[in-house]
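So the structure is just underneath, and the comments pick up after that.
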Amino acid sequence: MKLEPDYYKGRVALNCLAGSVQNAKEIYEAAQGHLVCGLLTKNYANTESCITAMKKYQSAVNNAISIGLGAGDPNQSKMVCEVSETVQPQHVNQVFTGVGFTRALIGQDETVINGLVSPTGKVGYVNVATGPLSSKEKVATIPVVTAIAMLKDMGGSSLKFFPMQGLKHLEEYEYVVRACADNNFSIEPTGGINLENFENILQIALKAGVKKVLPHVYSSIIDKDSGLTRPEDVKKLFEIVKSNLD
């Protein structure tokens, strides 16, 4: 069972929500396998039911699943840890303070585990107080390079920059991707990404020299009536990826 996402040309993979097992198959195929299907623990009543459901997705898409919190909800941190330990997915979303616990429980170094940090409005700095308790306290603003080093200390694979609100925090994002490139760390831009701004956000990271980029494109490509991610939109995103790497 493959434990790492299949990055196109070793550089870029997509993270899109899967609304059903069939939807997961469709979006996985639309990206020619260079995608992890986002599955949110918040949608399940307990750890056991979540594990049962995620194993079905896992079988359908060659383990290309991403276990998520649900809008970065810090209260889901423990459940994400527990589910990840059993399921062994290719990708895990985690709050900053939950990264070390997740890596220890998962018991291997291949699965990608991100650490959620948030924009601060100050270029060069991020907020790392994104955990269940810390998110209720004052913002913990630290230099981006220190946050990256701390994530490495904890066994993290990448920095999840959320919520970006599209291009609202552009200057901060530009600094973050340069820091990731300089420190050999992956980046996962998340929040407000759509078909219109995706290429710009991707290009900024690639031009900065980030080795691996995993953008999260969620609600903007979900059909409002069915609640499913549109495969045709995933295909468009993947075409953009290819055009920037071929």
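Keep in mind it's a predicted model, so treat the numbers as computed, not measured.
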- Query: What orientation do Phe238 and Tyr8 show, parallel under 30°, tilted 30 to 60°, or perpendicular over 60°?
  - Reply: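 The rings of Phe238 and Tyr8 stand perpendicular, inter-plane angle above 60°.
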
Please examine the side chains of [Y] and [X], heavy atoms only from C-beta on, and report whether any two atoms are closer than 4.5 Å.
| X | Y | answer |
| --- | --- | --- |
| Ile65 | Val87 | yes |
| Val241 | His34 | no |
| Thr86 | Lys55 | yes |
| Lys25 | Cys37 | no |
| Cys50 | Met79 | yes |
| Ile193 | His216 | no |
| Val12 | Leu206 | yes |
| Met150 | Ile142 | yes |

- Task: Indicate yes or no: does Lys235 engage Glu232 in a salt bridge with an N to O separation below 4.0 Å.
- Result: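 Salt bridge flag = no for Glu232 with Lys235.
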
Hey, what do you get for [atom1] ([X]) to [atom2] ([Y]), rounding to the nearest 0.5 Å?
| X | Y | atom1 | atom2 | result |
| --- | --- | --- | --- | --- |
| Ser84 | Ile113 | OG | CD1 | 7.0 Å |
| Lys207 | Leu202 | NZ | CG | 10.0 Å |
| Asn75 | Leu133 | CG | CG | 9.0 Å |
| Ile51 | Glu85 | CD1 | CD | 8.5 Å |
| Thr102 | Met154 | OG1 | CE | 9.5 Å |
| Leu14 | Tyr7 | CG | OH | 11.0 Å |

[X] and [Y]: which non-hydrogen atoms are nearest, and at how many Å?
| X | Y | answer |
| --- | --- | --- |
| Thr97 | Pro132 | OG1-CD, 4.1 Å |
| Gly38 | Tyr218 | CA-OH, 4.1 Å |
| Glu172 | Thr120 | OE1-N, 2.9 Å |
| Ala31 | Val234 | CB-CG1, 4.0 Å |
| Gly156 | Phe185 | O-CE1, 3.5 Å |
| Ala147 | Val126 | CB-CG2, 3.8 Å |

Any donor and acceptor pair, going by atom type alone, linking the side chain of [X] with main-chain N or O of [Y] inside 3.5 Å?
| X | Y | result |
| --- | --- | --- |
| Gln203 | Asn244 | no |
| Tyr173 | Ile201 | yes |
| Lys152 | Asn183 | yes |
| Asp223 | Thr229 | no |
| Arg11 | Lys211 | yes |
| Gln88 | Ile106 | yes |
| Glu199 | Glu196 | no |
| Thr111 | Pro89 | yes |

- Partner set under side chain to side chain contact (heavy atoms under 4.5 Å, CB included) for Lys9, not counting sequence neighbours: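 For Lys9, the residues satisfying side chain to side chain contact (heavy atoms under 4.5 Å, CB included) (neighbours in sequence not counted) are Leu245, Asp246.
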
- Apply side chain to side chain contact (heavy atoms under 4.5 Å, CB included) to Glu82 and list each qualifying residue two or more places apart in sequence or on a separate chain.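 Applying side chain to side chain contact (heavy atoms under 4.5 Å, CB included) to Glu82 gives Thr47, Lys78.
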
- Item | Sole candidate of Asn114, Asn93, Thr190, Asn15 that passes side chain to side chain donor-acceptor pair (under 3.5 Å) when paired with Lys160 |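 Checked Asn114, Asn93, Thr190, Asn15 against Lys160; only one passes side chain to side chain donor-acceptor pair (under 3.5 Å): Asn93.
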
- Query: Going through the checks in order, is the side chain to side chain contact (heavy atoms under 4.5 Å, CB included) test met by Val21 and Tyr57?
  - Reply: CA-CA 5 Å; Val21 173; Tyr57 283 90; 4.1 Å; yes

- Give the intermediate values and the outcome of side chain to side chain contact (heavy atoms under 4.5 Å, CB included) for residues Leu195 and Ser220. CA-CA 8 Å; Leu195 287 168; Ser220 66; over 6 Å; no

Connected via hydrophobic side-chain network under 4.5 Å: [X] and [Y]:
| X | Y | answer |
| --- | --- | --- |
| Phe162 | Val36 | no |
| Leu39 | Leu3 | no |
| Phe198 | Leu17 | no |
| Leu228 | Val61 | no |
| Val177 | Tyr175 | yes |

- Reference residue Ile187; test side chain to side chain contact (heavy atoms under 4.5 Å, CB included); the match among Val210, Leu214, Ile204: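 Of all the options given, the one that passes is Val210.
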
- Apply the side chain to side chain contact (heavy atoms under 4.5 Å, CB included) test between Ser118 and each candidate in Thr141, Thr130, Val128; give the one that qualifies.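 Answer after filtering Thr141, Thr130, Val128: Thr130.
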
- Query: Between Gln94 and Ser77, does a side chain to side chain donor-acceptor pair (under 3.5 Å) hold up when you go through it step by step?
  - Reply: CA-CA 6 Å; Gln94 191 51 277; Ser77 179; 2.8 Å; yes

- Step by step, would you call Ile221 with Lys236 a side chain to side chain contact (heavy atoms under 4.5 Å, CB included)? CA-CA 10 Å; Ile221 58 170; Lys236 289 175 185 175; over 6 Å; no

Should we count [atom1] of [X] as having more than 12 external heavy atoms under 6.0 Å?
| X | atom1 | answer |
| --- | --- | --- |
| Phe101 | CZ | no |
| Lys2 | NZ | yes |
| Lys56 | NZ | no |

